[in-house]
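First up is the structure itself, then whatever we jot down about it.
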Amino acid sequence: MAETLQKGTLYVVATPIGNLGDISTRAAWVLAGVDRVLAEDTRQTRRLLEHLDLHKTLTPLHEHNEDRQLAQVLEWLRSGEMLALVSDAGTPLISDPGFALVRAAREQGLPLVTIPGASAVTAALAVAGLPTDRFVFEGFLPPKAGARRRALEALGRETRTMVFYESPRRVAGALADMAGAFGGSRVAVVARELTKAHEQSVQGTLAELADQVADGRIPLKGEFVLMVAGAEAEAAGLDVEVDHLLVQLLTRLSVSDAARMAARITGQGRGGLYQRALALQNRE
């Protein structure tokens, strides 16, 4: 490798989401060179290191001990140790631990380097056949049914493709609640076991996918990514309401901030709202 590892640096390293052959050359090189690997699950990471024929010091860093470990990890960095942060699979911090550490390292001015690679979000979207020019990642839905339904209802007017993670235990309930919130005819994709021998990616309506989970055509095994098409853009008649909203926002906000706020409220694209806000401002 042309680059060299730098002392006192935290390397945030993406690892395979299933197929160990997906480890990048650079990720393997970083894992070989660091002083210590911070792992969400040391057993899982040890299997990866054995695949790479590496013998490294492993330190657990997960949601239950991250706050307690933080001071020690920062001290290791300040003393010049080179550390790699990995999750069980995929890119750290994407619905995985590590945020508190990365934020603290940045606040203290410690060097951070990202080593990109696999992510279940982008891997699933790439073969979903749903719009990917704009999408929103919602991570894991609340485990309790009531909270999950409220979270989904809040997304009822979302026009972007929505991406969720879900466990096998809750995927049937999640699909049923999505059908209730978005309508059973809404197009969606269920992806599971990505990059593994039994990889499956199925497109259909939410009602159809719920049936396939119920009858076993989509087995309840492995980690799931659920992707749901966004709501149809509302009729052009809504433009009058949008104009009124923008005019009110422009009395207190800049054009850019007004467009950003209107995008959050309406679910419409920020670029189009910016141009409309600019036109409205110039018309006054």
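The residues of the chain are indexed from 1 along the displayed sequence. Just so you know, these numbers use all the heavy atoms, side chains as well, and skip hydrogens, waters and symmetry mates.
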**OP:** Considering non-hydrogen atoms only, spot the tightest contact between Ala89 and Ile17 and give its length.
**Re:** CB-CA, 3.7 Å
Subject >> Which atom of Val34 lies closest to which atom of Ala84, heavy atoms considered >> reply: CG2-CB, 3.9 Å
Original post:
Hey, quick one: are Leu226 and Leu152 part of the same hydrophobic cluster, counting side-chain heavy atoms closer than 4.5 Å, chains of contacts allowed?
Top reply: yes
Original post:
Any sub-3.5 Å donor-acceptor pair from Thr91's side-chain atoms to Ala118's backbone N or O?
Top reply: yes
Subject >> Whether Gln281 side chain and Leu278 backbone form a donor-acceptor pair below 3.5 Å >> reply: no
Subject >> Where Tyr165 and Ala120 come nearest, the two heavy atoms and their spacing >> reply: OH-CB, 3.6 Å
Please tabulate, for side-chain N and O atoms in residues 126-146, each donor-acceptor pair with protein atoms closer than 3.5 Å (sequence neighbours left out).
none

Subject >> Partner set under side chain to side chain contact (heavy atoms under 4.5 Å, CB included) for Glu107, not counting sequence neighbours >> reply: Arg103
Original post:
Which residues pass the side chain to side chain donor-acceptor pair (under 3.5 Å) test with Glu158, sequence neighbours left out?
Top reply: Arg160
**OP:** Given side chain to side chain contact (heavy atoms under 4.5 Å, CB included), test Met82 with Gln6 step by step and report yes or no.
**Re:** CA-CA 7 Å; Met82 299 175 293; Gln6 301 297 315; 5.8 Å; no
Subject >> Which residues share a side chain to side chain donor-acceptor pair (under 3.5 Å) with Thr25, sequence neighbours left out >> reply: none
Original post:
Is there a side-chain contact between Arg26 and Pro116, using heavy atoms and a 4.5 Å cut-off?
Top reply: yes
Original post:
Are Arg192 and Glu199 within salt-bridge range, i.e. N to O under 4.0 Å?
Top reply: no
Subject >> Derivation and outcome, side chain to side chain donor-acceptor pair (under 3.5 Å), residues Thr59 and Arg36 >> reply: CA-CA 7 Å; Thr59 298; Arg36 185 187 305 268; 3.1 Å; yes
Original post:
If you measure from CG on Leu77 to CG on Leu101, what distance do you get to the nearest 0.5 Å?
Top reply: 7.0 Å
Original post:
What residues, two or more places apart in sequence or in another chain, satisfy side chain to side chain donor-acceptor pair (under 3.5 Å) together with Glu166?
Top reply: Arg170
Original post:
Any link between Ile218 and Leu194 through a network of hydrophobic side chains (Ile, Leu, Val, Met, Phe, Trp, Tyr) touching at under 4.5 Å?
Top reply: no
Original post:
If you look at every heavy atom in Asn19 and Pro16, which pair is closest and at what distance?
Top reply: O-CB, 3.1 Å
Original post:
Out of curiosity, Leu48 CG to Leu31 CG, how far, rounded to the nearest 0.5 Å?
Top reply: 6.5 Å
**OP:** Before giving the answer on side chain to side chain contact (heavy atoms under 4.5 Å, CB included), spell out for Leu49 and Leu58 the whole-Å C-alpha distance, their side-chain angles and the decisive distance to 0.1 Å.
**Re:** CA-CA 10 Å; Leu49 295 178; Leu58 287 172; 3.7 Å; yes
Original post:
Can you find a heavy atom in the side chain of Val202 that is under 4.5 Å from one in the side chain of Val189?
Top reply: no
Subject >> ILVMFWY cluster, Met227 and Leu175 together (side-chain gap under 4.5 Å) >> reply: no
**OP:** Would you check if Val73 and Leu38 make a side-chain contact, meaning some heavy-atom pair closer than 4.5 Å?
**Re:** yes
Subject >> From CA spacing to verdict: side chain to side chain contact (heavy atoms under 4.5 Å, CB included), Thr9, Leu112 >> reply: CA-CA 6 Å; Thr9 297; Leu112 290 155; over 6 Å; no
Original post:
Ala231 and Arg186: which non-hydrogen atoms are nearest, and at how many Å?
Top reply: N-NH1, 3.5 Å
Original post:
Among the clusters formed by ILVMFWY side chains lying less than 4.5 Å apart, do Ile94 and Val12 turn up in the same one?
Top reply: no
**OP:** Please confirm whether the backbone N or O of Thr42 pairs with a side-chain atom of Thr45, one donor and one acceptor, at under 3.5 Å?
**Re:** no
Original post:
If two hydrophobic side chains count as joined below 4.5 Å and joins carry through other members, does Val113 share a cluster with Leu83?
Top reply: no
Original post:
In chain order, what residues pass the salt bridge (charged side-chain N to carboxylate O under 4.0 Å, His left out) check against Arg47, with sequence neighbours excluded?
Top reply: none
Subject >> CZ/Arg78: more than 12 non-hydrogen atoms of other groups inside 6.0 Å >> reply: yes
Subject >> Stepwise side chain to side chain contact (heavy atoms under 4.5 Å, CB included) test for Glu3 and Trp29 >> reply: CA-CA 10 Å; Glu3 63 181 310; Trp29 173 75; 3.5 Å; yes
Original post:
Does Asn65 use its side chain to pair, donor to acceptor, with the backbone of His62 at less than 3.5 Å?
Top reply: yes
**OP:** Quick one: pull up CZ in Arg148 and CZ in Phe164 and give me the separation to the nearest 0.5 Å.
**Re:** 11.0 Å
Original post:
Nearest 0.5 Å, what's the CZ-OG distance between Arg260 and Ser254?
Top reply: 7.0 Å
Original post:
Can any side-chain N or O of Lys56 pair as donor or acceptor with the backbone N or O of Ala32 at less than 3.5 Å?
Top reply: yes
Subject >> Side chain Glu66, main chain Gly98, donor-acceptor under 3.5 Å >> reply: yes
Subject >> Expected output: side-chain Asp41 to main-chain Ser87 donor-acceptor under 3.5 Å >> reply: no
Original post:
Is there side-chain contact between Leu110 and Leu10, with heavy atoms separated by less than 4.5 Å?
Top reply: no
Subject >> N/O donor-acceptor pair under 3.5 Å between Glu40 side chain and Asp88 backbone >> reply: yes
**OP:** Please name the pair of heavy atoms, one in Arg276 and one in Asp243, separated by the smallest distance, quoted to 0.1 Å.
**Re:** NH2-OD2, 2.6 Å
